[in-house]
Amino acid sequence: MPHAELWQRHRQVMPSWMQLYYDEPIELVRGSGRRVTDGEGREYLDFFGGLLATMVGHDIPEITEAIRAQAGRLLHSSTLYLIRSQVELAERIAKLSGLPDAKVFFVNSGTEAVETALLLATQRRRSHQVLALRGSYHGRSFGTVAATGIRGWSATALSPLAVTYVHSGYRYRSPFGHLDDAAFVAACADELRTIIETSTAGDVACLLAEPVQGAGGFATPPEGFFPAMKAVLDDYGILLISDEVQSGWGRTGRSFFAMPGSGVTPDAITFAKGLGNGVAIGGVVAPAGLMDCLGANSISTAGGNPLATAAGVATLDYLLSHDLQANADKVGEHLMTGLRAIADGCPLVGEVRGMGLMIGVELVVPGTREPAVAATLRVLEAARQRGLLIGRGGLHGNVLRVTPPMTVTVAEADEALAVLREVLTTVERTEENA
């Protein structure tokens with residue numbers, strides 16, 4: 001079926017607020033490794049990975065076979081029964097998290113994972129007051145939208161939480177951005193303390209934080225940011241929830257989960273996306289004292305179902321046996337170096353930032369810091385036309401998101417860099433002549 005016909009049908013039955021990429025949206029129908037093919041037979045190099053969910057690539061035989069084998073036995077039983085693969089996966093995640101006496105609860109998505117963590121924190125602290133980072137994104141449910149710090153993703157001002165926003169560590173547009181790293185971190189920590197003292201009732205439940213902000217354009221704080229913030233939180237007994245839906249599983253290259261890699265042990269970690277390599281799964285890992293604090297029954301009918309956890313076990317096995325964290329570090333550094341070299345000769349690029357295979361390229365009107373939103377859309381479109389799929393985010397929608405599967409090779413990184421160099425140069429010239 002031609003894309004245009006499917007798009008017309010989509011518009012008839014899907015919500016108008018459900019965003020699609022490109023002037024003429026495409027359907028992806030097949031994939032292998034880091035390559036995908038659309039419904040009209042065009043092949044692309046996938047450097048978006050299904051919004052980071054296709055963590056180790058398309059049609060990985062070990063993962064595909066694990067899903068096929070489980071589908072042939074049993075798809076569903078509910079969490080009211082023992083599920084062997086769920087227990088096995090929980091044991092591995094608990095150990096890998098580094099949290100003491102850790103337990104795991106599985107759900108179906110990142111949104112549900114964050115909702116669960118908020119439920120635990122607010123119950124444990126007996127408060128609905130929550131701190132969140134400016135520029136954050138945590139999901140599309142009532143509670144997670146309330147904690148989301150991006151206007152473009154906040155569909156309602158109504159909230160079950162009392163949320164106060166604090167500095168995210170995003171330096172590029174910060175009033176503290178002119179300071180050196182140590183002074184910047186100190187200013188952010190001082191602001192956090194002031195906000196707790198002046199803008200809350202004091203009994204705050206938690207700070208919900210992405211170590212590297214996803215939809216916020218991969219804003220990456222300097223070294224020492226989270227240790228300084230955690231020191232302030234500890235003074236008030238406030239819990240720290242690390243939202244690692246996008247940054248987990250070694251994608252940052254530095255550590256298996258990003259928050260512990262920053263030198264901080266959080267009170268809970270949420271995860272989702274890449275663990276199932278495209279199969280829906282999410283969850284929370286936390287010490288038993290926090291995980292067991294609920295005084296009422298709670299289940300997740302499909303959370304941690306046999307199919308999803310079989311996929312999770314296979315994905316985790318593949319990731320660890322192929323040391324994909326090290327590959328994310330190596331290829332991520334190669335991509336970052338290449339993108340910064342492009343930026344040096346391209347005034348359209350304001351900043352290149354990120355960790356590992358979470359890379360943001362912020363585009364601005366040359367000679368200013370004004371967000372170049374229209375140019376970002378043109379770059380996204382032009383990259384697709386040249387066979388490269390990337391994403392878009394940021395507070396203003398002016399940040400390119402470069403997030404290939406963690407199996408990406410240096411040769412594929414060079415292929416993507418060549419496309420981005422051509423596209424960014426072409427779009428910049430168009431902007432200059434406009």
Side-chain angles (χ1 to χ4, degrees), residues 3-4 7 19-26 28 34-36 38 40 42-52 135 150-152 170-173 213-220 331-332 334-354 357-404 408 411-434:
H3 289 150
W7 185 26
Q19 185 184 39
L20 291 172
Y21 276 169
Y22 311 122
D23 294 337
E24 297 177 358
I26 61 175
L28 302 181
R34 278 72 55 198
R35 309 279 174 175
V36 291
D38 72 18
E40 296 180 353
R42 179 80 185 275
E43 185 179 271
Y44 305 91
L45 180 60
D46 183 6
F47 265 48
F48 193 43
L51 227 169
L52 291 84
I150 303 176
R151 173 64 188 88
Y170 173 37
R171 294 190 64 163
Y172 189 68
R173 298 185 183 280
Q213 292 188 320
F218 296 140
T220 308
V331 182
H334 184 78
L335 275 168
M336 195 86 74
T337 299
L339 286 166
R340 285 177 173 155
I342 294 171
D344 285 343
C346 183
L348 182 63
V349 179
E351 183 177 55
V352 177
R353 56 178 178 260
L357 294 175
M358 297 182 73
I359 301 173
V361 182
E362 180 152 358
L363 304 188
V364 295
V365 175
T368 75
R369 292 201 174 189
E370 180 184 343
V373 179
T376 306
L377 291 170
R378 283 194 283 274
V379 169
L380 197 75
E381 186 72 54
R384 182 201 65 79
Q385 292 171 358
R386 288 162 177 77
L388 177 67
L389 303 184
I390 54 175
R392 183 172 75 101
L395 302 184
H396 307 283
N398 66 313
V399 181
L400 304 175
R401 301 177 71 186
V402 182
T403 58
V408 65
E412 289 165 338
D414 285 338
E415 183 181 344
L417 287 169
V419 172
L420 289 170
R421 182 179 292 106
E422 177 190 356
V423 167
L424 286 164
T425 301
T426 301
V427 171
E428 185 198 338
R429 288 172 181 166
T430 302
E431 291 291 295
E432 289 177 350
N433 296 327

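All values reported here derive from a predicted model rather than from experimental measurement.
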With side chains defined as the heavy atoms from C-beta onward, is the minimum distance between [X] and [Y] less than 4.5 Å?
{"X": "Pro25", "Y": "Gln19", "value": "no"}
{"X": "Trp7", "Y": "Leu20", "value": "yes"}
{"X": "Ile390", "Y": "Leu420", "value": "yes"}
{"X": "Glu428", "Y": "Pro347", "value": "yes"}
{"X": "Thr220", "Y": "Arg171", "value": "no"}
{"X": "Glu43", "Y": "Val36", "value": "no"}

Which atoms form the tightest heavy-atom contact between [X] and [Y], and what is the distance?
{"X": "Arg42", "Y": "Gly387", "value": "NH2-N, 3.4 Å"}
{"X": "Ala219", "Y": "Tyr170", "value": "CB-CB, 3.7 Å"}
{"X": "Gly135", "Y": "Leu395", "value": "CA-CD2, 3.4 Å"}
{"X": "Ala343", "Y": "Val349", "value": "CB-CG1, 3.5 Å"}
{"X": "Phe48", "Y": "Thr403", "value": "O-OG1, 3.1 Å"}
{"X": "Tyr22", "Y": "Leu380", "value": "CE2-O, 3.6 Å"}

Can you name the salt bridge (Lys or Arg N to Asp or Glu O under 4.0 Å) partners of [X], sequence neighbours left out?
{"X": "Arg35", "value": "Glu415"}
{"X": "Arg401", "value": "none"}
{"X": "Arg386", "value": "Glu422"}

Could you state the interatomic distance from [atom1] ([X]) to [atom2] ([Y]), rounded to the nearest 0.5 Å?
{"X": "Met336", "Y": "Ile359", "atom1": "CE", "atom2": "CD1", "result": "4.5 Å"}
{"X": "Tyr21", "Y": "Leu51", "atom1": "OH", "atom2": "CG", "result": "6.5 Å"}
{"X": "Glu370", "Y": "Leu363", "atom1": "CD", "atom2": "CG", "result": "12.5 Å"}
{"X": "Leu28", "Y": "Asp46", "atom1": "CG", "atom2": "CG", "result": "7.5 Å"}
{"X": "Tyr44", "Y": "Ile26", "atom1": "OH", "atom2": "CD1", "result": "4.0 Å"}

Checklist line | Stepwise side chain to side chain contact (heavy atoms under 4.5 Å, CB included) check, Leu45 with Leu389 | finding: CA-CA 6 Å; Leu45 180 60; Leu389 303 184; over 6 Å; no
Donor-acceptor check, side chain of [X] to backbone of [Y], threshold 3.5 angstrom: yes or no?
{"X": "Thr376", "Y": "Ala374", "result": "no"}
{"X": "Arg429", "Y": "Leu424", "result": "no"}
{"X": "Thr368", "Y": "Val364", "result": "no"}

Could you tell me which residues satisfy side-chain contact (heavy atoms from CB on, under 4.5 Å) with [X], sequence neighbours excluded, listed by chain and number?
{"X": "Glu24", "value": "none"}
{"X": "Gln385", "value": "Glu381"}
{"X": "Val399", "value": "Arg353, Glu362"}

Given side chain to side chain contact (heavy atoms under 4.5 Å, CB included), test Phe218 with Val402 step by step and report yes or no. CA-CA 10 Å; Phe218 296 140; Val402 182; over 6 Å; no
task = Assess whether side chain to side chain contact (heavy atoms under 4.5 Å, CB included) is satisfied between Leu335 and Leu357, documenting all intermediate values.
result = CA-CA 8 Å; Leu335 275 168; Leu357 294 175; 4.0 Å; yes
Apply side chain to side chain contact (heavy atoms under 4.5 Å, CB included) to the pair His396 and Arg173, showing each step before the final yes or no.
CA-CA 12 Å; His396 307 283; Arg173 298 185 183 280; 4.2 Å; yes
